[in-house]
Amino acid sequence: MSEHTDDAHDPQRHPELLVWLAERQAAFEHWARTNGGAERWDFGPASLEPLEELVRERFGTLEDVFGARRGEFVQGAVWYLGETVRRARGLVWKYEPMILDETAPAPRLFAPVHQNGTVDTPCVSPAGADESAGQYPLNMLCRLLMKHDEIGAPLEYHLVEALEEPDDDFEDFEGDEDHEDDEDSA
């Protein structure tokens, strides 16, 4: 994948991201009132359960969520989920538009027409990490409605899982394997 053709933009300071964040923050009070009341949305882990319930009530498939991604409810839900994860884990917002076809223009944030092979939504990520470390709130909302994972195993995803630190078991296993090899050669 190639990044946005204008490499001068810091993904944390991308102009479209800054405008979107300001708009979402300004719209949050209204979004909260229309979705159960401001006291429900305190950016705490427990507030992700009612968000999950609202998403499951409103949408039947991940395609439905994705299709409504420019609407007020999904825009507010994406911002709220990302902001909750950002605050809990000390992450930052980033927008790194990407497209598989290097000859095509980079997509705009929440482009009016989404093209396969593009990333046009913001993520939350550690400040110095690349896009592979990002957590994409829109994808998390869509994942709620998935019945099976990529290999067909049953899937029951909950938004609170986004607050957990990434699993380091694989790295630990690799380290143990290296250590065992050292012992065998001794």
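Start at 1 with the first residue, then count along the sequence. Side-chain atoms are counted along with the backbone in the values below, which use heavy atoms only and exclude waters and symmetry mates.
Heavy atoms from other residues, nucleotides or ligands lying under 6.0 Å from CZ of R108 number 12 at most. Counted within 6.0 Å of CD on E29, heavy atoms from surrounding residues, nucleotides or ligands total 12 or fewer; the atom is thus considered open.
Inter-residue side-chain proximity for E72 and H30 is flagged as met; some heavy-atom pair is nearer than 4.5 Å. Inter-residue side-chain proximity for F73 and V55 is flagged as met; some heavy-atom pair is nearer than 4.5 Å.
Among residues two or more places apart in sequence or in another chain, the salt bridge (Lys or Arg N to Asp or Glu O under 4.0 Å) test is passed with R58 by none.
Closest heavy-atom contact between V124 and G82: CG1-O, 3.4 Å. Across all their heavy atoms, L48 and L163 have their closest contact at CD1-CD1, 3.9 Å. Among all heavy-atom pairs drawn from P11 and L17, the shortest one is O-CD2, 3.4 Å.
A distance-only check finds no donor-acceptor pair linking the side chain of R40 to the backbone of S47 [under 3.5 Å]. Side chain of Y80 to backbone of F43: a donor-acceptor contact under 3.5 angstrom is found. R69 contributes a side-chain N or O that, together with a main-chain N or O of A111, makes up a donor-acceptor pair within less than 3.5 Å. Judged by distance alone, the side chain of K94 and the main-chain N or O of R13 form no donor-acceptor pair under 3.5 Å. Of the possible donor and acceptor atoms, none in the side chain of Y95 sits under 3.5 Å from a partner among the backbone N and O of E16.
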task: Could you walk me through whether K147 and L155 pass the side-chain contact (heavy atoms from CB on, under 4.5 Å) test, one step at a time?
output: CA-CA 5 Å; K147 305 285 188 243; L155 181 66; over 6 Å; no
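Remark: R87 does not engage D42 in a salt bridge, criterion side-chain N to carboxylate O under 4.0 Å. Between R56 and E53 there is no salt bridge, since no side-chain N of the basic residue sits under 4.0 Å from a carboxylate O of the acidic one.
Ring geometry, W79 versus F28: the interplanar angle falls from 30° to 60°, so the pair is classed tilted.
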